[in-house]
Student: 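Please read through the structure below; I'll follow up with questions.
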Protein chains: 2
Amino acid sequence: MPATKTELFKTKDQRLAALARVLSHPARVAILKTLAKKNECICGEIVDVLPLAQATVSQHLKELKSLGLIKGQIDGPRSCYCIDRQALNECIDDLRSFFEELQ
Amino acid sequence: MPATKTELFKTKDQRLAALARVLSHPARVAILKTLAKKNECICGEIVDVLPLAQATVSQHLKELKSLGLIKGQIDGPRSCYCIDRQALNECIDDLRSFFEELQ
DNA sequence: TACTCTTATCGTAAAGATACGATAAAGCCC
DNA sequence: GGGCTTTATCGTATCTTTACGATAAGAGTA
């Protein structure tokens, strides 16, 4: 029965919810903070910082990337990640205007 | 095996993730917007606005309440909900400082 | 070429979230 | 009291998320 009725809501609300969803795990919050601090990181550095297995971290990175918040580029045998500043700013704006609507 | 390793992360990151989690469903986003617009609503009004069954809406309201973002008070046979402005402002501050850390 | 390092993906198990019908509980009106 | 309205909770089905081991795939190195 429960086939997630997400599509029945307004596009804006869906988008905001999707953004909130990627921030809804402390690992992803920590990844963003780490990337912000070091500007860019190879995957292994992030794995070292988090209390999770490499496969799990890779999965979290994938989610951040699929929402566009981070970019990843291959660097030899490594993967180098960084925050997509522009996408981040758009997300911040979305959240900001949501909160303004609430106030 | 997967027993959610949330507790292994920093308290601040956990808290932010928990906040993001309640915003991670469009129904809860819509509820907050509705409450903001009308200032306060009885449960039934919210049910009328959302494409979900009463039981489901009640569940979403419970989650918003348990995080403290909304307050509910019994009004005769009805339940009257409103946004907890103070709690909301604290959440906004948390998010703001998180984004500042990212920039 | 063989070997090592690094990371993504697959498969899968467990936990959590979502959704709703049914029902309980509490107040109102007659 | 009896019936109606309103909402919370219970039980349950299903879908989604989280987590990790195993493995594949690609790049560098001896």
Side-chain angles (χ1 to χ4, degrees), chain A residues 1-9 13-14 17-31 34-35 40-67 70-82, chain B residues 1-9 13-14 16-31 34-35 40-67 69-82:
Chain A
M1 223 167 288
T4 311
K5 304 207 158 178
T6 307
E7 69 284 358
L8 298 181
F9 292 87
D13 294 353
Q14 286 180 44
L19 166 59
R21 212 200 63 75
V22 300
L23 301 179
S24 75
H25 195 290
R28 294 192 288 267
V29 170
I31 289 172
T34 304
L35 286 178
E40 61 177 39
C41 284
I42 59 168
C43 176
E45 292 178 288
I46 299 169
V47 172
D48 290 344
V49 169
L50 298 184
L52 297 173
Q54 179 267 322
T56 309
V57 173
S58 213
Q59 211 168 272
H60 285 303
L61 285 166
K62 193 180 176 184
E63 291 196 65
L64 286 164
K65 207 167 90 175
S66 74
L67 201 100
I70 67 173
K71 293 181 287 192
Q73 67 176 353
I74 296 162
D75 169 26
R78 300 145 214 271
S79 267
C80 190
Y81 288 96
C82 66
Chain B
M1 220 167 291
T4 311
K5 304 208 158 177
T6 308
E7 70 284 356
L8 298 181
F9 292 86
D13 294 352
Q14 286 179 45
L16 200 64
L19 166 59
R21 213 200 61 74
V22 300
L23 301 179
S24 75
H25 194 289
R28 293 191 288 267
V29 170
I31 289 172
T34 304
L35 286 177
E40 62 177 40
C41 285
I42 60 167
C43 177
E45 292 179 288
I46 300 169
V47 172
D48 289 344
V49 170
L50 299 183
L52 297 173
Q54 178 268 322
T56 309
V57 173
S58 213
Q59 211 168 271
H60 284 304
L61 285 166
K62 192 180 177 184
E63 289 196 67
L64 286 165
K65 206 168 91 176
S66 75
L67 201 101
L69 269 178
I70 67 174
K71 293 181 286 191
Q73 67 176 353
I74 295 162
D75 169 26
R78 301 146 212 270
S79 266
C80 189
Y81 288 95
C82 65

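Every heavy atom of this structure was used, including side-chain atoms; hydrogens, water molecules and symmetry mates were not. Letters A, B, ... are given to chains in the order of the sequence lines, protein chains preceding strands, and every chain is numbered from 1.
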Student: Would you mind telling me which residue lines up with the more 5' stretch of DNA chain C, A:Q54 or A:T6, judged by nearest nucleotide?
Tutor: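 Nearest nucleotide further toward 5': that of A:Q54.
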
Student: So, is B:R21 close to the C:dA17 phosphate, meaning a side-chain N or O under 4.0 Å from OP1 or OP2?
Tutor: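 Result: yes.
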
Student: If only side-chain N and O atoms of B:S58 are considered, is one of them under 4.0 Å from the OP1 or OP2 phosphate oxygen of D:dA8?
Tutor: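 Yes, because at least one side-chain N or O of B:S58 sits under 4.0 Å from OP1 or OP2 of D:dA8.
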
Student: Output yes when at least one side-chain N/O atom of B:K5 is less than 4.0 Å from OP1 or OP2 of D:dC20, else no.
Tutor: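 Looking at the OP1 and OP2 atoms of D:dC20, one of them is under 4.0 Å from a side-chain N or O of B:K5.
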
Student: Calculate the interatomic distance between B:I70 atom CD1 and D:dA8 atom C1'; express it in whole Å.
Tutor: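 B:I70 atom CD1 is separated from D:dA8 atom C1' by 13 Å.
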
Student: Using only side-chain N and O atoms of A:T4, determine if any of them is under 4.0 Å from OP1 or OP2 of D:dC15.
Tutor: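 Checking D:dC15 against A:T4, no side-chain N or O comes under 4.0 Å of OP1 or OP2.
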
Student: Rounded off to whole Å, could you give me the NE2-to-C1' distance for the A:H25 and C:dA17 pair?
Tutor: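 After rounding, the gap between these two atoms is 14 Å.
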
Student: Without decimals, in angstroms, what is the distance between B:R78 CZ and D:dT7 C1'?
Tutor: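 Those two atoms, CZ and C1', are 11 Å apart.
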
Student: Using a cut-off of 4.0 Å on non-hydrogen atoms, how would the nucleic acid contact of A:I74 be classed: base, sugar-phosphate, or nothing?
Tutor: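 The residue A:I74 makes no contact with any strand.
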
Student: Return whichever of B:K65 or A:A27 has its heavy-atom-nearest nucleotide of DNA chain D closer to the 5' end.
Tutor: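 By nearest-heavy-atom nucleotide position, the 5'-most residue is B:K65.
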
Student: Which one, D:dA19, D:dT7, C:dA19, comes nearest to the side chain of A:T56?
Tutor: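 For A:T56, the side-chain atoms sit closest to D:dA19.
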
Student: Check whether any side-chain nitrogen or oxygen of A:S79 sits under 4.0 Å from OP1 or OP2 of C:dA8, and answer yes or no.
Tutor: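 True: A:S79 side-chain N/O within range (under 4.0 Å) of C:dA8 OP1/OP2.
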
Student: Kindly say if A:Y81 contacts the phosphate of C:dA8, meaning a side-chain N or O under 4.0 Å from OP1 or OP2.
Tutor: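 It does, given that an N or O in the side chain of A:Y81 lies less than 4.0 Å from OP1 or OP2 of C:dA8.
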
Student: Identify whether any heavy atom of B:L61 sits under 4.0 Å from a base atom; if not, whether one sits that close to sugar-phosphate; answer base, sugar-phosphate or nothing.
Tutor: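 Touches nothing.
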
Student: Do other residues, nucleotides or ligands put more than 12 heavy atoms under 6.0 Å from A:L8 CG?
Tutor: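 For A:L8, atom CG is crowded (more than 12 foreign heavy atoms under 6.0 Å).
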
Student: When we call it a touch if two heavy atoms are under 4.0 Å apart, what does B:A53 touch: a base, just sugar-phosphate, or nothing?
Tutor: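 Touches sugar-phosphate only.
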
Student: Which nucleotide in the list D:dG21, D:dT18, D:dA8 gets nearest to the side chain of B:C43?
Tutor: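 That would be D:dA8.
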
Student: Reckon A:H60 has a side-chain N or O less than 4.0 Å from the OP1 or OP2 of D:dA19?
Tutor: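 Indeed, a polar side-chain atom of A:H60 lies that close.
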
Student: Between C1' on C:dA19 and CG on A:L8, what's the gap in Å once rounded to a whole number?
Tutor: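 Distance, rounded to whole Å: 12 Å.
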
Student: Any heavy-atom pair between the side chains of B:I31 and B:V49 that's under 4.5 Å?
Tutor: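 Heavy-atom side-chain distance check fails, nothing below 4.5 Å.
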
Student: For A:E7, look at atom CD and say whether over 12 heavy atoms of other residues, nucleotides or ligands are found less than 6.0 Å away.
Tutor: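 More than 12 heavy atoms, drawn from other residues, nucleotides or ligands, come within 6.0 Å of this atom.
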
Student: Send over the distance from A:D48 CG to C:dC5 P, rounded to a whole Å.
Tutor: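 Whole-Å distance recorded here is 15 Å.
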
Student: Taking the side chain as every heavy atom from C-beta outward, state whether B:R28 and B:R21 have any atom pair closer than 4.5 Å.
Tutor: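 Sidechains of B:R21 and B:R28: in contact.
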
Student: Between C:dC20, D:dT5, D:dC20, spot the one nearest the side chain of B:P77, thanks.
Tutor: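 Within the option list, the nearest is D:dT5.
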
Student: For B:E45 and D:dT7, give me the distance from atom CD to atom C1', rounded to whole Å.
Tutor: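 Answer to the nearest Å: 14 Å.
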
Student: Of all the choices, C:dA22, C:dT18, D:dC20, which nucleotide is nearest to the side chain of A:L52 once you look at every atom?
Tutor: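 Nearest to the side chain of A:L52 among the choices is D:dC20.
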
Student: Do A:I70 and A:L61 have side chains that get closer than 4.5 Å, going by heavy atoms?
Tutor: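 Sidechains of A:L61 and A:I70: in contact.
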
Student: Apply side-chain contact (heavy atoms from CB on, under 4.5 Å) to residues B:L50 and B:H60 and explain how you reach the verdict.
Tutor: CA-CA 11 Å; B:L50 299 183; B:H60 284 304; 5.8 Å; no

Student: Just the rounded figure in Å: distance from P of D:dT18 to CD of B:Q14.
Tutor: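 That distance rounds to 14 Å.
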
